[in-house]
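Whatever order the structure lists ligands and atoms in, that order sets their numbers, starting from 1. Small disclaimer: the values here were computed from a predicted structure and weren't measured. These values consider heavy atoms only, across backbone and side chains, with no hydrogens, waters or symmetry-generated copies.
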Amino acid sequence: MSLQQAISEFRGQFRGAVLEPQDLGYEEARRVYNAMIDRRPRLIAKCAGVADVMAAVRMAKVNSLQVSVRGGGHNAAGLGVCDGGMVIDLAPINYVRVDPSSRTVLVGAGARWSDVDHATHAFGLAVPSGIISSTGVAGLTLGGGLGHLSRKFGLTIDNLLSVDMVLADGRFVVASAEENADLFWAVRGGGGNFGIVTSFLFEAHPVDTVCAGPMLWNLEDAADVMRWYREFITHAPEEMNGFFAMMSVPPGPPFPEELHLRKMCAIVWCYQGSMEQANSILEPIRSYRPPAFEFFAPMPYPMLQGMFDGIYPSGLQWYWKADFFREISDAAIEKHLEYAALLPSWQSTMHLYPVNGKVNRVGQDDTAFGYRDAVWSEVIVGVDPDPANREKITDWARGYYSALHPFGAGGAYLNFMMEEGDDRIRAAYRGNYDRLTAIKAKYDPENFFRVNQNIRPAA
Ligand SMILES: Cc1cc2nc3c(=O)[nH]c(=O)nc-3n(C[C@H](O)[C@H](O)[C@H](O)COP(=O)(O)OP(=O)(O)OC[C@H]3O[C@@H](n4cnc5c(N)ncnc54)[C@H](O)[C@@H]3O)c2cc1C
(Lines give C-alpha, C1' and ligand atoms only; values in the text may rest on other atoms or scores of the structure.)
Protein backbone atom coordinates (compact mmCIF):
# COMPACT_ATOMS: atom_id res chain seq x y z
CA MET A 1 0.00 0.00 0.00
CA SER A 2 1.33 3.47 -0.86
CA LEU A 3 1.78 6.06 1.89
CA GLN A 4 -1.07 8.07 0.35
CA GLN A 5 -3.38 5.05 0.59
CA ALA A 6 -2.25 4.43 4.17
CA ILE A 7 -3.06 8.07 5.05
CA SER A 8 -6.54 7.75 3.50
CA GLU A 9 -7.17 4.61 5.55
CA PHE A 10 -5.83 6.31 8.67
CA ARG A 11 -8.23 9.23 8.18
CA GLY A 12 -11.07 6.72 8.36
CA GLN A 13 -10.02 5.39 11.80
CA PHE A 14 -9.02 8.74 13.30
CA ARG A 15 -11.45 10.89 15.28
CA GLY A 16 -9.45 14.17 15.26
CA ALA A 17 -8.23 16.11 12.23
CA VAL A 18 -5.53 14.80 9.88
CA LEU A 19 -3.77 17.58 7.98
CA GLU A 20 -1.58 17.18 4.90
CA PRO A 21 0.30 20.02 3.16
CA GLN A 22 -2.61 20.71 0.77
CA ASP A 23 -5.18 20.95 3.59
CA LEU A 24 -6.65 24.14 4.97
CA GLY A 25 -5.13 24.76 8.40
CA TYR A 26 -1.87 22.90 7.66
CA GLU A 27 0.29 26.07 7.56
CA GLU A 28 -1.07 27.26 10.89
CA ALA A 29 -0.79 23.79 12.46
CA ARG A 30 2.87 23.26 11.52
CA ARG A 31 3.99 26.52 13.13
CA VAL A 32 5.57 26.37 16.58
CA TYR A 33 6.13 29.10 19.15
CA ASN A 34 9.74 29.78 18.07
CA ALA A 35 9.52 31.28 14.56
CA MET A 36 13.19 30.40 13.96
CA ILE A 37 11.95 26.82 13.45
CA ASP A 38 10.42 26.16 10.01
CA ARG A 39 9.63 22.48 9.40
CA ARG A 40 7.19 20.79 7.03
CA PRO A 41 5.79 17.49 8.28
CA ARG A 42 4.17 14.99 5.88
CA LEU A 43 1.08 14.97 8.07
CA ILE A 44 -0.23 16.37 11.33
CA ALA A 45 -2.48 14.14 13.43
CA LYS A 46 -4.52 16.27 15.85
CA CYS A 47 -5.51 13.65 18.38
CA ALA A 48 -8.98 13.80 19.94
CA GLY A 49 -8.11 11.27 22.65
CA VAL A 50 -5.99 8.32 23.73
CA ALA A 51 -7.42 6.07 21.00
CA ASP A 52 -6.19 8.53 18.37
CA VAL A 53 -2.71 8.61 19.92
CA MET A 54 -2.55 4.80 19.79
CA ALA A 55 -3.73 4.79 16.17
CA ALA A 56 -1.21 7.48 15.19
CA VAL A 57 1.71 5.61 16.77
CA ARG A 58 0.76 2.39 14.97
CA MET A 59 0.26 4.18 11.65
CA ALA A 60 3.65 5.90 11.88
CA LYS A 61 5.36 2.67 12.86
CA VAL A 62 3.90 0.57 10.03
CA ASN A 63 4.76 3.26 7.49
CA SER A 64 8.23 4.06 8.89
CA LEU A 65 7.34 7.70 9.48
CA GLN A 66 9.46 9.73 11.84
CA VAL A 67 7.33 11.07 14.69
CA SER A 68 7.41 14.27 16.72
CA VAL A 69 5.11 14.81 19.68
CA ARG A 70 3.58 18.21 20.29
CA GLY A 71 2.14 19.41 23.59
CA GLY A 72 2.12 23.22 23.78
CA GLY A 73 4.60 23.70 20.90
CA HIS A 74 6.79 26.00 23.05
CA ASN A 75 9.99 23.99 22.96
CA ALA A 76 13.10 26.12 22.40
CA ALA A 77 14.41 23.82 19.69
CA GLY A 78 10.97 23.32 18.15
CA LEU A 79 11.03 19.61 18.98
CA GLY A 80 7.25 19.40 18.68
CA VAL A 81 7.51 19.47 14.87
CA CYS A 82 9.56 17.48 12.34
CA ASP A 83 10.39 17.57 8.63
CA GLY A 84 8.72 14.96 6.45
CA GLY A 85 7.26 12.83 9.26
CA MET A 86 4.14 12.82 11.41
CA VAL A 87 3.37 15.37 14.11
CA ILE A 88 1.30 13.76 16.85
CA ASP A 89 -0.41 16.91 18.09
CA LEU A 90 -2.07 16.57 21.50
CA ALA A 91 -3.63 20.08 21.64
CA PRO A 92 -7.24 18.84 21.45
CA ILE A 93 -6.67 16.61 24.54
CA ASN A 94 -7.19 19.61 26.76
CA TYR A 95 -9.04 19.11 30.02
CA VAL A 96 -8.38 19.87 33.68
CA ARG A 97 -10.24 18.14 36.50
CA VAL A 98 -9.58 19.40 40.02
CA ASP A 99 -10.40 17.15 42.97
CA PRO A 100 -10.39 19.57 45.92
CA SER A 101 -10.82 16.83 48.54
CA SER A 102 -7.61 15.01 47.59
CA ARG A 103 -5.94 18.19 46.24
CA THR A 104 -5.13 16.44 43.00
CA VAL A 105 -5.49 17.68 39.42
CA LEU A 106 -5.88 15.52 36.32
CA VAL A 107 -4.62 17.31 33.20
CA GLY A 108 -4.90 16.29 29.53
CA ALA A 109 -1.60 16.41 27.65
CA GLY A 110 -2.70 19.21 25.31
CA ALA A 111 -3.35 21.69 28.12
CA ARG A 112 -1.36 24.86 28.72
CA TRP A 113 -0.48 26.15 32.17
CA SER A 114 -3.08 28.94 31.82
CA ASP A 115 -5.74 26.20 31.59
CA VAL A 116 -4.47 24.55 34.78
CA ASP A 117 -4.06 27.83 36.71
CA HIS A 118 -7.55 28.95 35.79
CA ALA A 119 -9.12 25.67 36.95
CA THR A 120 -7.13 25.25 40.18
CA HIS A 121 -7.44 28.89 41.28
CA ALA A 122 -11.20 28.48 41.69
CA PHE A 123 -10.34 26.09 44.55
CA GLY A 124 -7.53 28.22 46.02
CA LEU A 125 -4.98 25.69 44.71
CA ALA A 126 -2.01 25.73 42.34
CA VAL A 127 0.38 23.25 40.71
CA PRO A 128 4.01 24.47 40.53
CA SER A 129 4.91 25.29 36.92
CA GLY A 130 6.90 27.92 34.99
CA ILE A 131 6.63 31.68 34.55
CA ILE A 132 4.75 31.99 31.24
CA SER A 133 1.22 30.67 31.22
CA SER A 134 1.02 29.85 27.50
CA THR A 135 3.69 27.12 27.89
CA GLY A 136 2.53 23.53 27.40
CA VAL A 137 2.01 21.38 30.49
CA ALA A 138 3.51 18.31 28.80
CA GLY A 139 6.95 19.45 27.65
CA LEU A 140 7.58 21.62 30.71
CA THR A 141 6.69 18.80 33.09
CA LEU A 142 8.63 16.06 31.30
CA GLY A 143 11.80 18.18 31.42
CA GLY A 144 11.46 19.11 35.13
CA GLY A 145 9.51 22.36 35.52
CA LEU A 146 11.03 25.39 37.26
CA GLY A 147 9.06 28.44 38.37
CA HIS A 148 7.69 30.78 41.03
CA LEU A 149 6.75 28.00 43.49
CA SER A 150 9.85 25.79 43.13
CA ARG A 151 11.64 26.81 46.33
CA LYS A 152 8.61 25.90 48.42
CA PHE A 153 7.12 22.93 46.53
CA GLY A 154 9.90 21.68 44.26
CA LEU A 155 9.95 21.13 40.52
CA THR A 156 6.75 20.34 38.63
CA ILE A 157 7.87 16.67 38.52
CA ASP A 158 8.13 16.65 42.31
CA ASN A 159 4.36 17.17 42.30
CA LEU A 160 3.59 14.54 39.68
CA LEU A 161 1.72 11.48 40.99
CA SER A 162 1.15 9.44 37.84
CA VAL A 163 0.91 9.57 34.05
CA ASP A 164 -1.06 7.72 31.39
CA MET A 165 1.16 6.83 28.43
CA VAL A 166 1.16 5.30 24.97
CA LEU A 167 4.40 3.43 24.29
CA ALA A 168 6.34 2.98 21.04
CA ASP A 169 4.55 -0.34 20.36
CA GLY A 170 1.15 1.36 20.70
CA ARG A 171 0.39 -0.12 24.16
CA PHE A 172 -1.31 2.00 26.84
CA VAL A 173 0.24 1.96 30.33
CA VAL A 174 0.03 3.84 33.62
CA ALA A 175 3.29 4.91 35.27
CA SER A 176 3.45 5.85 38.95
CA ALA A 177 5.41 4.95 42.07
CA GLU A 178 3.40 1.70 42.19
CA GLU A 179 3.06 0.78 38.49
CA ASN A 180 5.93 0.73 35.99
CA ALA A 181 8.05 2.58 38.56
CA ASP A 182 11.13 2.60 36.29
CA LEU A 183 9.16 4.42 33.59
CA PHE A 184 7.77 6.87 36.16
CA TRP A 185 11.31 7.60 37.34
CA ALA A 186 12.43 8.24 33.74
CA VAL A 187 9.61 10.57 32.68
CA ARG A 188 10.35 12.86 35.63
CA GLY A 189 13.08 14.78 33.79
CA GLY A 190 13.77 12.43 30.86
CA GLY A 191 11.57 14.36 28.39
CA GLY A 192 9.57 12.71 25.63
CA ASN A 193 11.99 9.80 25.17
CA PHE A 194 9.90 7.00 26.63
CA GLY A 195 6.45 7.36 25.12
CA ILE A 196 3.57 9.78 24.72
CA VAL A 197 2.01 10.98 27.94
CA THR A 198 -1.72 11.47 27.45
CA SER A 199 -2.55 12.72 30.96
CA PHE A 200 -0.79 13.92 34.10
CA LEU A 201 -2.04 13.58 37.69
CA PHE A 202 -0.56 16.31 39.90
CA GLU A 203 -0.64 17.18 43.56
CA ALA A 204 -1.81 20.79 44.08
CA HIS A 205 -1.08 23.16 46.97
CA PRO A 206 -3.03 25.88 48.73
CA VAL A 207 -1.80 28.95 46.82
CA ASP A 208 -4.33 31.69 46.20
CA THR A 209 -3.26 35.34 46.41
CA VAL A 210 0.49 35.93 46.26
CA CYS A 211 2.51 39.11 46.82
CA ALA A 212 4.46 39.41 43.63
CA GLY A 213 5.96 41.40 40.79
CA PRO A 214 9.23 42.92 39.60
CA MET A 215 11.67 45.36 41.21
CA LEU A 216 13.98 47.14 38.75
CA TRP A 217 17.37 48.78 39.22
CA ASN A 218 19.64 50.75 36.92
CA LEU A 219 22.63 48.81 35.60
CA GLU A 220 24.95 50.96 37.76
CA ASP A 221 23.42 49.20 40.78
CA ALA A 222 23.34 45.75 39.21
CA ALA A 223 26.62 44.45 40.70
CA ASP A 224 25.57 45.41 44.24
CA VAL A 225 22.07 43.98 43.77
CA MET A 226 23.43 40.72 42.36
CA ARG A 227 25.87 40.35 45.24
CA TRP A 228 23.03 40.96 47.71
CA TYR A 229 20.73 38.56 45.83
CA ARG A 230 23.18 35.62 45.76
CA GLU A 231 23.28 35.61 49.59
CA PHE A 232 19.63 36.48 50.12
CA ILE A 233 17.93 33.88 47.94
CA THR A 234 19.93 30.96 49.30
CA HIS A 235 18.80 31.80 52.87
CA ALA A 236 15.37 33.41 52.37
CA PRO A 237 12.21 31.67 53.64
CA GLU A 238 11.07 29.14 51.03
CA GLU A 239 7.75 30.98 50.67
CA MET A 240 9.82 33.69 48.93
CA ASN A 241 10.95 33.11 45.36
CA GLY A 242 12.82 35.64 43.27
CA PHE A 243 14.42 35.16 39.89
CA PHE A 244 17.07 37.59 38.70
CA ALA A 245 16.91 39.16 35.23
CA MET A 246 19.00 41.30 32.93
CA MET A 247 16.41 42.96 30.71
CA SER A 248 15.13 46.01 28.89
CA VAL A 249 12.06 47.77 30.22
CA PRO A 250 9.00 46.91 28.10
CA PRO A 251 7.67 49.98 26.25
CA GLY A 252 4.25 50.10 27.91
CA PRO A 253 2.35 50.26 31.19
CA PRO A 254 2.81 49.77 34.10
CA PHE A 255 6.38 50.97 33.43
CA PRO A 256 6.91 54.77 33.44
CA GLU A 257 7.69 56.19 30.03
CA GLU A 258 11.09 57.55 31.04
CA LEU A 259 12.23 53.96 31.69
CA HIS A 260 10.88 52.44 28.49
CA LEU A 261 13.52 50.36 26.65
CA ARG A 262 16.19 51.19 29.26
CA LYS A 263 18.55 48.27 29.99
CA MET A 264 18.14 47.38 33.65
CA CYS A 265 18.34 44.47 36.07
CA ALA A 266 15.35 43.10 37.91
CA ILE A 267 14.20 40.59 40.48
CA VAL A 268 10.75 39.14 39.97
CA TRP A 269 9.33 38.14 43.35
CA CYS A 270 6.61 35.77 44.38
CA TYR A 271 5.80 35.51 48.07
CA GLN A 272 3.24 33.16 49.59
CA GLY A 273 2.15 35.14 52.64
CA SER A 274 1.00 38.60 53.70
CA MET A 275 2.18 41.92 52.26
CA GLU A 276 3.36 42.87 55.75
CA GLN A 277 5.64 39.81 55.99
CA ALA A 278 6.86 40.30 52.41
CA ASN A 279 7.74 43.94 53.06
CA SER A 280 9.67 43.02 56.16
CA ILE A 281 11.63 40.29 54.28
CA LEU A 282 12.41 42.69 51.41
CA GLU A 283 13.20 45.71 53.58
CA PRO A 284 17.00 45.12 53.45
CA ILE A 285 17.19 45.50 49.66
CA ARG A 286 14.82 48.46 49.58
CA SER A 287 16.97 50.34 52.06
CA TYR A 288 20.34 49.15 50.63
CA ARG A 289 19.64 49.86 46.95
CA PRO A 290 16.16 51.36 46.49
CA PRO A 291 14.66 50.07 43.21
CA ALA A 292 14.29 52.63 40.40
CA PHE A 293 10.80 51.20 39.89
CA GLU A 294 8.75 48.42 41.41
CA PHE A 295 5.41 46.81 40.82
CA PHE A 296 5.05 44.57 43.86
CA ALA A 297 1.50 43.92 45.04
CA PRO A 298 -0.94 41.24 46.18
CA MET A 299 -2.45 39.51 43.17
CA PRO A 300 -4.24 36.28 42.27
CA TYR A 301 -1.62 33.64 41.41
CA PRO A 302 -2.88 33.27 37.78
CA MET A 303 -2.29 37.01 37.28
CA LEU A 304 1.38 36.58 38.12
CA GLN A 305 1.50 33.54 35.83
CA GLY A 306 0.17 35.57 32.91
CA MET A 307 2.13 38.76 33.69
CA PHE A 308 4.75 38.28 30.96
CA ASP A 309 2.61 36.54 28.33
CA GLY A 310 1.98 39.80 26.45
CA ILE A 311 5.72 40.51 26.10
CA TYR A 312 6.28 37.12 24.48
CA PRO A 313 3.56 36.33 21.93
CA SER A 314 3.97 33.33 19.66
CA GLY A 315 5.91 33.86 16.44
CA LEU A 316 9.09 35.65 17.59
CA GLN A 317 12.61 34.52 16.69
CA TRP A 318 14.27 32.85 19.72
CA TYR A 319 17.81 31.63 20.30
CA TRP A 320 18.42 29.86 23.63
CA LYS A 321 21.52 29.03 25.72
CA ALA A 322 21.57 27.68 29.27
CA ASP A 323 23.65 26.42 32.21
CA PHE A 324 23.32 25.48 35.87
CA PHE A 325 25.31 27.39 38.51
CA ARG A 326 26.26 26.68 42.11
CA GLU A 327 27.65 30.14 42.79
CA ILE A 328 27.68 33.63 41.32
CA SER A 329 31.22 34.88 41.75
CA ASP A 330 32.32 38.51 41.49
CA ALA A 331 34.09 37.62 38.23
CA ALA A 332 30.86 36.14 36.86
CA ILE A 333 28.97 39.30 37.86
CA GLU A 334 31.40 41.36 35.78
CA LYS A 335 30.57 39.22 32.73
CA HIS A 336 26.84 39.58 33.39
CA LEU A 337 27.22 43.36 33.40
CA GLU A 338 29.23 43.31 30.20
CA TYR A 339 26.55 41.35 28.31
CA ALA A 340 23.59 43.15 29.90
CA ALA A 341 24.94 46.37 28.40
CA LEU A 342 24.89 44.66 24.99
CA LEU A 343 21.32 43.30 25.07
CA PRO A 344 20.54 43.13 21.32
CA SER A 345 16.77 43.77 21.46
CA TRP A 346 14.26 44.74 24.15
CA GLN A 347 12.77 41.24 24.42
CA SER A 348 16.18 39.56 24.82
CA THR A 349 16.96 38.68 28.40
CA MET A 350 18.95 36.58 30.89
CA HIS A 351 17.21 34.91 33.83
CA LEU A 352 18.65 33.13 36.85
CA TYR A 353 16.04 30.89 38.47
CA PRO A 354 16.65 29.59 41.99
CA VAL A 355 17.04 25.79 42.05
CA ASN A 356 17.19 25.55 45.81
CA GLY A 357 14.89 24.97 48.78
CA LYS A 358 12.65 21.95 48.20
CA VAL A 359 14.26 21.19 44.79
CA ASN A 360 17.57 20.38 46.53
CA ARG A 361 15.92 18.14 49.13
CA VAL A 362 14.80 15.57 46.54
CA GLY A 363 17.57 12.98 46.05
CA GLN A 364 19.86 13.17 43.01
CA ASP A 365 18.68 9.73 41.82
CA ASP A 366 15.06 9.94 43.01
CA THR A 367 14.04 11.27 39.56
CA ALA A 368 15.84 11.54 36.21
CA PHE A 369 16.42 15.33 36.64
CA GLY A 370 20.20 15.64 36.78
CA TYR A 371 20.99 18.72 38.87
CA ARG A 372 19.42 18.53 42.34
CA ASP A 373 22.57 20.15 43.69
CA ALA A 374 22.41 23.24 41.46
CA VAL A 375 21.56 26.60 43.01
CA TRP A 376 20.51 28.51 39.87
CA SER A 377 19.40 27.67 36.37
CA GLU A 378 20.50 30.32 33.90
CA VAL A 379 18.76 30.93 30.61
CA ILE A 380 19.93 33.42 28.00
CA VAL A 381 17.47 34.17 25.22
CA GLY A 382 18.05 36.36 22.18
CA VAL A 383 14.51 37.34 21.05
CA ASP A 384 13.36 39.54 18.19
CA PRO A 385 10.32 39.66 15.88
CA ASP A 386 12.42 40.28 12.76
CA PRO A 387 14.10 37.28 11.06
CA ALA A 388 16.70 39.73 9.72
CA ASN A 389 18.03 40.09 13.27
CA ARG A 390 18.51 36.37 13.73
CA GLU A 391 22.29 36.52 13.59
CA LYS A 392 22.47 39.48 15.96
CA ILE A 393 20.44 37.77 18.73
CA THR A 394 22.19 34.44 18.20
CA ASP A 395 25.69 35.93 18.41
CA TRP A 396 24.83 37.82 21.59
CA ALA A 397 23.36 34.73 23.30
CA ARG A 398 26.35 32.59 22.30
CA GLY A 399 28.82 35.24 23.45
CA TYR A 400 27.07 35.68 26.80
CA TYR A 401 26.90 31.90 27.30
CA SER A 402 30.59 31.41 26.46
CA ALA A 403 31.60 34.15 28.90
CA LEU A 404 29.61 32.58 31.77
CA HIS A 405 30.00 28.86 31.00
CA PRO A 406 33.42 28.56 32.73
CA PHE A 407 31.71 29.58 36.01
CA GLY A 408 28.94 26.98 35.58
CA ALA A 409 28.27 23.57 37.11
CA GLY A 410 28.80 21.73 33.80
CA GLY A 411 25.33 20.90 32.49
CA ALA A 412 22.13 22.78 31.71
CA TYR A 413 18.36 22.45 32.05
CA LEU A 414 17.30 20.68 28.84
CA ASN A 415 14.06 22.63 28.53
CA PHE A 416 16.12 25.80 28.09
CA MET A 417 18.29 24.44 25.28
CA MET A 418 18.28 24.31 21.51
CA GLU A 419 19.65 21.08 19.97
CA GLU A 420 23.26 20.96 21.15
CA GLY A 421 24.23 17.31 20.67
CA ASP A 422 24.84 14.20 22.77
CA ASP A 423 27.56 15.59 25.01
CA ARG A 424 25.32 18.33 26.34
CA ILE A 425 22.50 15.83 26.94
CA ARG A 426 24.84 13.56 28.91
CA ALA A 427 26.10 16.57 30.85
CA ALA A 428 22.52 17.43 31.80
CA TYR A 429 21.81 13.95 33.24
CA ARG A 430 25.22 13.15 34.72
CA GLY A 431 25.02 9.96 36.85
CA ASN A 432 21.40 9.31 35.82
CA TYR A 433 22.28 8.97 32.12
CA ASP A 434 23.12 5.24 32.04
CA ARG A 435 19.95 4.31 33.91
CA LEU A 436 17.97 6.37 31.38
CA THR A 437 19.55 4.56 28.42
CA ALA A 438 18.65 1.19 30.01
CA ILE A 439 15.01 2.25 30.53
CA LYS A 440 14.94 3.60 26.99
CA ALA A 441 16.13 0.20 25.72
CA LYS A 442 13.30 -1.49 27.61
CA TYR A 443 10.44 0.79 26.47
CA ASP A 444 11.68 2.16 23.13
CA PRO A 445 14.47 -0.12 21.86
CA GLU A 446 14.26 1.20 18.28
CA ASN A 447 14.41 4.85 19.34
CA PHE A 448 11.02 5.51 17.75
CA PHE A 449 10.70 8.67 19.89
CA ARG A 450 13.83 10.51 18.80
CA VAL A 451 12.69 14.02 17.91
CA ASN A 452 13.53 15.26 21.41
CA GLN A 453 16.62 15.81 23.57
CA ASN A 454 17.44 12.26 22.63
CA ILE A 455 18.58 9.53 24.98
CA ARG A 456 19.70 6.59 22.85
CA PRO A 457 18.74 3.08 23.97
CA ALA A 458 21.57 1.16 25.65
CA ALA A 459 23.03 -1.45 23.29
C1 LIG B 1 8.33 31.77 26.73
C2 LIG B 1 8.78 30.53 27.42
C3 LIG B 1 8.92 30.51 28.79
C4 LIG B 1 9.33 29.36 29.46
N5 LIG B 1 9.44 29.38 30.82
C6 LIG B 1 9.76 28.24 31.48
C7 LIG B 1 9.79 28.20 32.90
O8 LIG B 1 9.53 29.19 33.56
N9 LIG B 1 10.13 27.05 33.50
C10 LIG B 1 10.43 25.92 32.80
O11 LIG B 1 10.69 24.90 33.42
N12 LIG B 1 10.43 25.93 31.45
C13 LIG B 1 10.09 27.06 30.78
N14 LIG B 1 10.10 27.08 29.42
C15 LIG B 1 10.63 25.93 28.69
C16 LIG B 1 9.57 24.88 28.46
O17 LIG B 1 9.56 24.04 29.60
C18 LIG B 1 9.91 24.05 27.23
O19 LIG B 1 9.92 24.91 26.12
C20 LIG B 1 8.93 22.91 27.00
O21 LIG B 1 9.48 22.02 26.06
C22 LIG B 1 7.60 23.40 26.51
O23 LIG B 1 6.65 22.38 26.53
P24 LIG B 1 5.58 22.27 25.36
O25 LIG B 1 4.64 21.15 25.68
O26 LIG B 1 5.00 23.59 25.10
O27 LIG B 1 6.57 21.84 24.18
P28 LIG B 1 6.43 21.09 22.78
O29 LIG B 1 7.23 21.91 21.83
O30 LIG B 1 5.04 20.77 22.42
O31 LIG B 1 7.18 19.73 23.07
C32 LIG B 1 8.49 19.72 23.48
C33 LIG B 1 9.08 18.32 23.58
O34 LIG B 1 8.38 17.67 24.65
C35 LIG B 1 7.99 16.38 24.27
N36 LIG B 1 6.56 16.23 24.47
C37 LIG B 1 5.59 17.19 24.40
N38 LIG B 1 4.43 16.67 24.77
C39 LIG B 1 4.65 15.39 25.09
C40 LIG B 1 3.86 14.32 25.57
N41 LIG B 1 2.58 14.51 25.86
N42 LIG B 1 4.41 13.12 25.78
C43 LIG B 1 5.71 12.91 25.53
N44 LIG B 1 6.54 13.87 25.10
C45 LIG B 1 6.00 15.09 24.88
C46 LIG B 1 8.35 16.12 22.87
O47 LIG B 1 9.40 15.18 22.89
C48 LIG B 1 8.89 17.43 22.35
O49 LIG B 1 10.10 17.11 21.82
C50 LIG B 1 9.65 28.20 28.72
C51 LIG B 1 9.53 28.22 27.34
C52 LIG B 1 9.09 29.36 26.69
C53 LIG B 1 8.99 29.36 25.20
Side-chain angles (χ1 to χ4, degrees), residues 31-37 39 47 50 53 57 67-82 87-91 93-94 107-114 128-150 155-157 163-168 175 183 186-187 189-200 241 243 245 268 270 304-305 307-316 318-320 322 347 349 351 353-355 359 369 377 379 381 383 413-419 444 448-455:
R31 262 181 235 136
V32 287
Y33 182 82
N34 182 358
M36 218 181 253
I37 312 296
R39 298 193 187 121
C47 300
V50 176
V53 177
V57 166
V67 151
S68 70
V69 182
R70 178 180 175 132
H74 263 51
N75 187 260
L79 293 169
V81 65
C82 58
V87 174
I88 299 185
D89 186 346
L90 306 169
I93 310 181
N94 184 349
V107 182
R112 309 212 171 218
W113 283 107
S114 54
S129 62
I131 64 142
I132 299 270
S133 80
S134 58
T135 312
V137 170
L140 180 136
T141 302
L142 295 169
L146 262 175
H148 295 297
L149 305 180
S150 304
L155 300 173
T156 306
I157 49 170
V163 289
D164 286 354
M165 287 182 79
V166 175
L167 302 179
L183 189 56
V187 297
N193 276 285
F194 306 92
I196 303 179
V197 174
T198 54
S199 74
F200 297 83
N241 195 84
F243 74 83
V268 180
C270 171
L304 171 66
Q305 288 292 92
M307 191 178 268
F308 308 111
D309 288 10
I311 301 175
Y312 294 115
S314 184
L316 304 173
W318 286 72
Y319 190 83
W320 297 64
Q347 284 145 314
T349 187
H351 291 174
Y353 297 96
V355 188
V359 183
F369 186 82
S377 178
V379 62
V381 283
V383 188
Y413 177 36
L414 284 162
N415 270 353
F416 288 164
M417 275 166 59
M418 309 289 279
E419 288 181 276
D444 183 15
F448 179 71
F449 297 111
R450 62 182 177 279
V451 182
N452 46 38
Q453 299 289 4
N454 195 230
I455 296 163

Starting from [atom], find the nearest protein heavy-atom neighbour and note its residue, name and distance.
atom	result
atom 38 (N) of ligand 1	A138 CB, 3.2 Å
atom 4 (C) of ligand 1	T135 OG1, 4.1 Å
atom 24 (P) of ligand 1	G72 N, 3.5 Å
atom 15 (C) of ligand 1	N415 O, 3.4 Å
atom 34 (O) of ligand 1	G139 CA, 3.8 Å
atom 36 (N) of ligand 1	V69 O, 4.0 Å
atom 52 (C) of ligand 1	W320 CH2, 3.6 Å
atom 37 (C) of ligand 1	G71 N, 3.7 Å

Check ligand 1 against [X] and write out every atom of the ligand that is under 4.0 Å from a heavy-atom position of the residue.
X	answer
I132	1 (C), 3 (C)
F416	6 (C), 10 (C), 12 (N), 13 (C), 14 (N)
R70	30 (O)
G130	7 (C), 8 (O), 9 (N)
A109	41 (N)
I196	42 (N), 43 (C)
L142	39 (C), 40 (C), 42 (N), 43 (C), 44 (N), 45 (C)
L90	40 (C), 41 (N)

Under 4.0 Å, heavy atoms only, figure out whether ligand 1 is touched by the backbone of [X], its side chain, both or neither.
X	result
F449	neither
N75	both
V137	neither
V451	backbone

Under 4.0 angstrom from ligand 1, any heavy atom of [X]?
X	answer
F194	no
W318	yes
G144	no
G73	yes
G195	yes

Nearest-0.5 Å distance that lies between atom [atom1] in [X] and atom [atom2] in [Y]:
X	Y	atom1	atom2	value
L155	L149	CG	CG	11.5 Å
N415	F369	CG	CZ	9.0 Å
I196	F449	CD1	CZ	4.0 Å
N452	E419	CG	CD	9.0 Å
I455	F194	CD1	CZ	4.5 Å

Quick one: are [X] and [Y] in side-chain contact, heavy atoms under 4.5 Å?
X	Y	answer
L90	V69	yes
V355	S150	no
V268	M307	no
Y319	V381	no
I93	V53	yes
D444	N193	no
D164	V50	no
F448	V57	yes

Can you find an N/O atom of [X] closer than 3.5 Å to an N/O atom of ligand 1?
X	result
G136	yes
I131	yes
V197	yes

Exercise for review: Test side-chain contact (heavy atoms from CB on, under 4.5 Å) on V87 and R39 and set out the steps.
Suggested key: CA-CA 11 Å; V87 174; R39 298 193 187 121; over 6 Å; no

Out of [options], indicate the one that has the non-hydrogen atom closest to [atom].
atom	options	answer
atom 44 (N) of ligand 1	S199, A322, S377, G192	G192
atom 11 (O) of ligand 1	Y312, Y413, Y33	Y413
atom 9 (N) of ligand 1	L146, L79, L316	L146
atom 12 (N) of ligand 1	V53, L140, D164	L140

Check your understanding: Between W320 and W318, what is the ring plane arrangement, given parallel below 30°, perpendicular above 60°, and tilted in between?
Key ->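 If you compare the ring of W320 with that of W318, the planes turn out parallel.
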
**Study point:** Test side-chain hydrogen bond (donor to acceptor under 3.5 Å, both in side chains) applied to S134 and H74, Q305, R112, the passing residue
**Key:**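 Between S134 and the candidates, side-chain hydrogen bond (donor to acceptor under 3.5 Å, both in side chains) is satisfied uniquely by H74.
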
Point to revise | Residue that, paired with F243, satisfies side chain to side chain contact (heavy atoms under 4.5 Å, CB included) out of V379, I131, L146 | key: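 The side chain to side chain contact (heavy atoms under 4.5 Å, CB included) with F243 is passed solely by I131 among V379, I131, L146.
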
Review point. Hey, is the main chain of H148 close enough, under 3.5 Å, to the side chain of Y353 for a donor-acceptor pair?
Key: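 Between the backbone of H148 and the side chain of Y353 there is no qualifying donor-acceptor contact (under 3.5 Å).
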
